[in-house]
Chemist: 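Quick one: structure below, then a few questions.
Only a predicted model underlies this, so the values are computations on that prediction, with no experimental measurement involved. Proteins come first, then strands; the chains are lettered A, B, ... in the order of their sequence lines, and each starts at number 1.
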Amino acid sequence: MLTTRPRGTNDILPGDVEKWQYLEGQICRICSEYGFSEIRTPIFEHTELFLRGVGDTTDIVEKEMYTFNDRGERSITLRPEGTAPVVRAYLEDRLYAGPQPVKLFYTGPMFRYDRPQSGRFRQFHQFGVEVFGSHDPAVDAEVMAMAMDLFARLGLRNLELRVNSVGCPACRIVLRRRLQDFFRPRLDNLCKNCRDRFEKNPMRILDCKEKRCKEAGAGAPTTIDCLCDGCAGHFEQVKKHLDLLNLSYIVDSCLVRGLDYYTHTAFEIMASDIGAQSSIGGGGRYNRLVETCGGPPTPGIGYALGMERIILLMERQGIETPGTPGKDVFVVTAGQATSTEAFKLLFGLRSAGLSADKDYMNRSLKAQMKYAAKAGARFAVIVGEEELKQGVALVRDMSTGAQEAVVFGGIVEYLCLKQL
RNA sequence: GUGGGUGUAGCUCAGCAGGCUAGAGCACCAGAUUGUGGCUCUGGGGGUCGUGGGUUCAAGUCCCAUCAUCCACCCCA
């Protein structure tokens with residue numbers, strides 16, 4: 001073999017690809033029901049989009065981007081996430097000039113140079129939605145409810161919706177100061193990482209999984225403690241709307257999402273059955289992002305779900321998806337003289353909308369029958385020399401074994417009727 | 001970037017404390033009085049034992065390196 005697939009990438013083979021098609025089908029349906037239109041953006045963008053959009057102190061930008069110079073010496077990056085490109089399109093294609101809000105969804109591959117592990121890949125796929133133009137807390141609730149609705153339709157169980165509000169920039173300044181005041185006397189108890197975070201982004205200390213940091217963080221001011229009246233009111237309304245939908249959730253004041261652009265609502269959906277990478281999706285409000293990208297002040301909210309993780313979870317929970325249906329008909333030849341008639345019959349069947357195939361391996365009649373059975377054919381049409389002379393062929397019902405001679409010219413019609 | 005586990009046929013794995021032409025099950029292909037499948041039986045093809053060094057009379061088996069993969073940390077989907 002010349003080479004293998006690059007690390008952290010996957011081939012999705014027949015037998016698995018049906019799961020993806022099923023998931024994509026459910027996504028399309030729910031998006032249409034919730035009023036989202038699909039947008040397809042390029043897989044690569046100018047690097048600065050992510051530097052500015054995602055935030056240049058985030059892990060994604062600092063160590064996970066696939067960045068390279070193209071032949072024109074432009075810095076190009078394979079998209080590590082979907083929101084920034086959609087925001088770019090919203091601006092570039094002037095979607096703000098149309099009726100608001102603009103509700104968009106996307107699916108597709110994303111790229112992050114991480115070390116692969118269970119549920120994590122260098123090329124992975126996300127489904128995401130974005131809503132531009134509305135401040136309404138009901139929209140926050142709607143997108144969360146939509147994500148949970150999708151999971152419910154897929155049959156997933158034991159999920160946890162965690163919700164928090166990270167406030168607006170004004171709240172963050174307050175929080176930052178109060179956190180630094182709180183942790184300053186406890187700096188020695190923090191892990192090395194968190195001592196860095198103390199200056200760079202003290203909010204992240206709350207998110208640390210180290211025991212010592214969790215202990216040191218007990219009683220620390222949280223994002224919710226520092227919300228201004230406006231942000232607190234918004235958060236109350238979000239929760240009220242979630243309650244209206246009877247959606248269960250956990251308020252997690254430690255939930256701080258990794259991307260810089262979040263304001264107000266932040267949420268994450270956790271699953272317990274898929275290993276350490278337990279988040280199957282997350283999102284939040286990003287009221288400053290459009291402006292950061294050079295557009296008019298425009299509120300936005302969205303989420304992204306990890307499709308590999310969803311499929312992994314479905315497998316772990318034993319959820320069955322429809323497989324590829326077998327062929328309708330397999331055309332079997334017996335004798336050299338029958339091959340041209342069989343070939344023409346095959347195409348006649350297909351023109352009539354039946355899925356049909358024949359042997360191309362020069363196999364014996366017996367082997368052809370075996371293959372037909374394995375391929376899940378519902379009918380076999382056996383074109384034999386003797387029968388052909390009499391102008392008929394044998395049509396065999398593979399499930400019952402019943403077989404009858406049918407006038408050759410009438411086989412397509414005969415089978416079409418059988419299918420119904 | 002850090003740490004640990006694993007790498008033998010297409011797949012799941014055996015291969016004992018280094019020693020004869022490297023095995024099994026499944027899958028694939030072909031047969032079982034020559035024109036009929038899903039069961040059974042028989043046979044067959046297919047392996048640079050991840051790769052490169054080293055130790056040894058002798059290495060799939062020991063040592064080193066490297067690559068890949070899995071899992072975990074970090075972080076995230």
Side-chain angles (χ1 to χ4, degrees), chain A residues 1 3-10 13 15 54 57-64 79-83 107-128 147 191-194 196-197 201 204 207-210 213 255-259 268-271 274-283 303-313 326 330 332-338 359 361-388 393-403:
Chain A
M1 191 171 41
T3 185
T4 57
R5 56 180 204 272
R7 176 165 219 194
T9 63
N10 284 112
L13 302 175
V54 178
T57 62
T58 58
D59 273 32
I60 290 179
V61 170
E62 282 186 339
K63 52 182 210 185
E64 294 173 3
R79 63 182 184 193
E81 59 100 49
T83 299
T107 61
M110 306 292 165
F111 305 85
R112 291 185 202 171
Y113 191 90
D114 247 359
R115 194 107 172 233
Q117 71 185 70
S118 181
R120 184 166 62 205
F121 308 96
R122 289 186 173 178
Q123 175 174 333
F124 61 101
H125 296 76
Q126 286 187 335
F127 154 61
C191 70
K192 197 175 65 189
N193 238 318
C194 282
D196 281 351
R197 288 171 174 147
N201 195 348
R204 295 274 182 82
D207 218 18
C208 187
K209 279 133 198 157
E210 293 263 347
C213 301
L255 174 62
V256 178
R257 298 195 42 81
L259 287 62
E268 192 156 355
I269 297 142
M270 315 290 284
I274 53 168
Q277 306 305 315
S278 56
S279 167
I280 59 172
Y303 63 74
L305 311 182
M307 295 173 74
E308 280 82 358
R309 290 183 186 178
I310 291 171
I311 286 171
L312 179 60
L313 189 57
F330 194 84
V332 173
T333 57
Q336 289 289 320
T338 66
D359 174 63
M361 298 300 288
N362 220 337
R363 276 190 262 244
S364 68
L365 172 62
K366 182 177 184 144
Q368 290 181 58
M369 291 301 292
K370 213 171 186 173
Y371 183 86
K374 245 173 277 180
R378 294 167 64 187
F379 291 94
V381 176
I382 301 158
V383 185
E385 280 178 3
E386 289 306 311
E387 290 83 353
L388 205 54
L394 303 173
V395 177
R396 183 183 179 88
D397 184 322
M398 294 296 280
S399 56
T400 64
Q403 184 168 299

Chemist: Using whole Å, report how far CZ of A:Arg5 lies from C1' of B:rA68.
Modeler: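 To the nearest whole Å, that distance equals 10 Å.
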
Chemist: Would you classify A:Arg396 as touching base, sugar-phosphate or nothing, given that sugar-phosphate means primed atoms plus P, OP1 and OP2, and contacts are heavy atoms under 4.0 Å?
Modeler: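 Base, at least one base heavy atom under 4.0 Å.
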
Chemist: Would you indicate, yes or no, if B:rA72 has its OP1 or OP2 atom less than 4.0 angstrom from a side-chain nitrogen or oxygen of A:Gln117?
Modeler: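 Yes, within the criterion.
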
Chemist: Could you state the CG-C1' distance from A:Leu365 to B:rG31, rounded to the nearest angstrom?
Modeler: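 Going from A:Leu365 (CG) to B:rG31 (C1'), I get 15 Å.
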
Chemist: Classify the side-chain pair A:Glu268/A:Ser279 by whether it contains a donor and acceptor separated by less than 3.5 Å.
Modeler: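 There is such a pair between these side chains.
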
Chemist: Could you tell me whether the side chain of A:Gln368 and the main chain of A:Thr333 form a donor-acceptor pair under 3.5 Å?
Modeler: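 Confirmed, A:Gln368 side chain pairs with A:Thr333 backbone.
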
Chemist: With a 3.5 Å limit on both atom pairs, tell me what B:rC74 is paired to, counting Watson-Crick and G-U wobble, or say none.
Modeler: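 Paired with no nucleotide.
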
Chemist: Is the backbone N or O of A:His125 less than 3.5 Å from a side-chain atom of A:Glu308, with the two atoms forming a donor-acceptor pair by type?
Modeler: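 Looks like yes, one N/O pair under 3.5 Å.
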
Chemist: Output yes when at least one side-chain N/O atom of A:Ser118 is less than 4.0 Å from OP1 or OP2 of B:rC71, else no.
Modeler: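 Yes, because at least one side-chain N or O of A:Ser118 sits under 4.0 Å from OP1 or OP2 of B:rC71.
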
Chemist: Which part of the nucleic acid, if any, lies within reach of A:Ile280 when heavy atoms closer than 4.0 Å are counted: base, sugar-phosphate only, or nothing?
Modeler: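 It contacts sugar-phosphate atoms only.
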
Chemist: Might you point out which heavy atoms bring A:Gly82 and A:Gln126 nearest each other, and give the distance in Å?
Modeler: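 Looks like N-OE1, 4.0 Å.
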
Chemist: Whole-Å distance between B:rG31 C1' and A:Lys370 NZ?
Modeler: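 Taking NZ of A:Lys370 and C1' of B:rG31, I get 9 Å after rounding.
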
Chemist: When you check the phosphate oxygens OP1 and OP2 of B:rU36, does a side-chain N or O of A:Gln403 lie under 4.0 Å from one of them?
Modeler: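 Negative; the distance criterion is not met.
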
Chemist: Give me the distance, rounded to whole Å, that separates B:rG47 from B:rC70 when you measure between the C1' atoms they each carry.
Modeler: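 Comparing C1' positions in B:rG47 and B:rC70 gives a spacing of 23 Å.
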
Chemist: What is the distance from CZ of A:Arg378 to C1' of B:rG38, rounded to the nearest Å?
Modeler: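 Going from A:Arg378 (CZ) to B:rG38 (C1'), I get 17 Å.
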
Chemist: Please report the distance separating the P of B:rG60 from the corresponding atom of B:rC16, rounded so that it comes out in whole Å.
Modeler: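 Per the computed distance, 12 Å lies between those P atoms.
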
Chemist: So which nucleotide does B:rG47 pair with, by the Watson-Crick or G-U wobble rule with both distances under 3.5 Å?
Modeler: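 Pairing partner: none.
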
Chemist: Sequence neighbours left out, what passes side-chain hydrogen bond (donor to acceptor under 3.5 Å, both in side chains) with A:Gln403? Give chain and number order.
Modeler: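 For A:Gln403, the residues satisfying side-chain hydrogen bond (donor to acceptor under 3.5 Å, both in side chains) (neighbours in sequence not counted) are A:Arg396.
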
Chemist: Between A:Arg112 (side chain) and A:Ile60 (backbone), is there a donor-acceptor pair under 3.5 Å?
Modeler: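 No, the answer is negative, given that no donor and acceptor are paired below the 3.5 Å cut-off.
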
Chemist: With the criterion set at under 5.5 Å between ring centres and under 30 degrees between planes, would B:rG37 be stacked on A:Tyr371?
Modeler: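 No, A:Tyr371 does not stack on the base of B:rG37, since the centre distance and plane angle fail the 5.5 Å and 30° test.
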
Chemist: Does A:Lys374 place a side-chain N or O at less than 4.0 Å from the phosphate oxygens OP1/OP2 of B:rC28?
Modeler: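 Looking at the OP1 and OP2 atoms of B:rC28, one of them is under 4.0 Å from a side-chain N or O of A:Lys374.
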
Chemist: Please evaluate the base of B:rU36 for a donor-acceptor partner in the side chain of A:Gln368 within a cut-off of under 3.5 Å?
Modeler: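 Not at all, since no donor on one side and acceptor on the other fall under 3.5 Å apart.
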
Chemist: Compare the minimum distances between each of B:rC29, B:rG37, B:rA77 and the side chain of A:Arg363, then state the nucleotide with the smallest one.
Modeler: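 Looking only at heavy atoms from C-beta outward on A:Arg363, the closest nucleotide is B:rC29.
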
Chemist: Distance check, P atoms only: B:rA27 and B:rU12, in whole angstrom units.
Modeler: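 Comparing P positions in B:rA27 and B:rU12 gives a spacing of 15 Å.
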
Chemist: With a 4.0 Å cut-off on heavy atoms, is A:Leu394 in touch with a base, just the backbone sugar-phosphate, or nothing at all?
Modeler: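 The answer is base, as A:Leu394 lies within the cut-off (heavy atoms under 4.0 Å) of a base atom.
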
Chemist: What is the separation between atom CE on A:Met307 and atom C1' on B:rC76, rounded to the nearest whole Å?
Modeler: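 Spelled out: CE on A:Met307 to C1' on B:rC76 is 17 Å.
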
Chemist: For B:rG25, which nucleotide in any strand shown is its Watson-Crick or wobble partner with both distances under 3.5 Å?
Modeler: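 Matched B:rG25 with B:rC11 under the 3.5 Å cut-off.
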
Chemist: May I ask you to say what A:Gly335 touches in the nucleic acid, namely base, sugar-phosphate or nothing, with a heavy-atom cut-off under 4.0 Å?
Modeler: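 No contact.
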
Chemist: Classify every nucleotide of nucleotides 3-9 of chain B by which part a protein heavy atom approaches to under 4.0 Å, writing B for the base, S for the sugar-phosphate alone and - for neither, in 5'-to-3' order.
Modeler: B------

Chemist: Given the P atoms of B:rG3 and B:rU8, what is the spacing between them in whole Å?
Modeler: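 Rounded to whole Å, the distance is 24 Å.
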
Chemist: Write down the distance between CG (A:Leu312) and P (B:rA77), rounded to a whole number of angstrom.
Modeler: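 To the nearest whole Å, that distance equals 17 Å.
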
Chemist: Measure from the side chain of A:Arg112, starting at C-beta and using heavy atoms only, and say which of B:rG31, B:rC76, B:rU36 lies closest.
Modeler: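 Among B:rG31, B:rC76, B:rU36, the one nearest the side chain of A:Arg112 is B:rC76.
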
Chemist: How would you label the contact of A:Glu308 with the nucleic acid (heavy atoms, under 4.0 Å): base, sugar-phosphate, or nothing?
Modeler: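 No contact.
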
Chemist: Any base atoms under 4.0 Å from A:Gly401, or only sugar-phosphate, or nothing? Heavy atoms, all strands.
Modeler: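 Since a base atom lies under 4.0 Å of A:Gly401, the category is base.
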
Chemist: Can you see which heavy atom on A:Val381 is nearest to which on A:Ala393, and at what distance?
Modeler: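 For A:Val381 versus A:Ala393, the nearest heavy atoms are CG1-CB, 4.1 Å.
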
Chemist: Could you measure between the two P atoms, the one in B:rC63 and the one in B:rA68, and give it in whole Å?
Modeler: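 Per the computed distance, 22 Å lies between those P atoms.
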
Chemist: Considering only the C1' atoms, how many Å lie between B:rG7 and B:rU48, rounded to the nearest integer?
Modeler: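 Looking at atom C1' only, B:rG7 and B:rU48 are 15 Å apart.
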
Chemist: Run the side-chain hydrogen bond (donor to acceptor under 3.5 Å, both in side chains) test against A:Gln117 and tell me which residues pass, sequence neighbours left out.
Modeler: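 A:Gln117: side-chain hydrogen bond (donor to acceptor under 3.5 Å, both in side chains) contacts with A:Arg120.
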
Chemist: Does B:rG31 pair with anything, Watson-Crick or G-U wobble, both distances under 3.5 Å, and if so, with which nucleotide?
Modeler: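 With both distances under 3.5 Å, B:rG31 matches B:rC41.
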
Chemist: Starting at atom CD of A:Gln126, determine the distance to atom C1' of B:rC76, rounded to an integer number of angstrom.
Modeler: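 The answer, rounded to whole Å, is 9 Å.
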
Chemist: Between C1' on B:rC70 and CD1 on A:Ile274, what's the gap in Å once rounded to a whole number?
Modeler: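 To the nearest whole Å, that distance equals 16 Å.
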
Chemist: Side chains of A:Tyr113 and A:Arg122: does their closest heavy-atom pair fall under 4.5 Å?
Modeler: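 Touching, per the 4.5 Å side-chain cut-off.
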
Chemist: With a 4.5 Å heavy-atom cut-off, do A:Phe330 and A:Asp359 have their side chains touching?
Modeler: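 Contact flag for A:Phe330/A:Asp359 side chains = yes.
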
Chemist: Which base, if any, makes a Watson-Crick or G-U wobble pair with B:rG19, both distances under 3.5 Å?
Modeler: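 With both distances under 3.5 Å, B:rG19 matches B:rC57.
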
Chemist: Which nucleotide, if any, forms a Watson-Crick or G-U wobble pair with B:rU6, using both distances under 3.5 Å?
Modeler: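 Across all strands, the one nucleotide that pairs with B:rU6 is B:rA68.
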
Chemist: Distance check, P atoms only: B:rC49 and B:rG23, in whole angstrom units.
Modeler: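 Pairwise P distance, B:rC49 against B:rG23, rounds to 14 Å.
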
Chemist: Taking any heavy-atom pair under 4.0 Å as a contact, classify A:Lys63: base, sugar-phosphate, or nothing.
Modeler: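 Contact class for A:Lys63: base.
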
Chemist: Any N or O donor-acceptor pair under 3.5 Å from the base of B:rG35 to the side chain of A:Glu387?
Modeler: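 By the distance-only test, yes, there is a pair.
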
Chemist: In whole Å, what separates the P atom of B:rU40 from that of B:rA22?
Modeler: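 Here B:rU40 and B:rA22 have their P atoms 30 Å from each other.
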
Chemist: Of A:Asn10 and A:Gly306, whose closest RNA chain B nucleotide lies nearer the 5' terminus?
Modeler: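 The residue whose closest nucleotide sits nearer the 5' end is A:Asn10.
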
Chemist: Heavy-atom nearest nucleotide on RNA chain B for A:Arg309 versus A:Met369: which residue maps closer to 5'?
Modeler: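 The 5'-side residue here is A:Met369.
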
Chemist: Donor-acceptor pair, distance only, cut-off 3.5 Å: does the side chain of A:Arg378 make one with the backbone of A:Asp397?
Modeler: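 Side chain of A:Arg378 to backbone of A:Asp397: no pair is present.
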
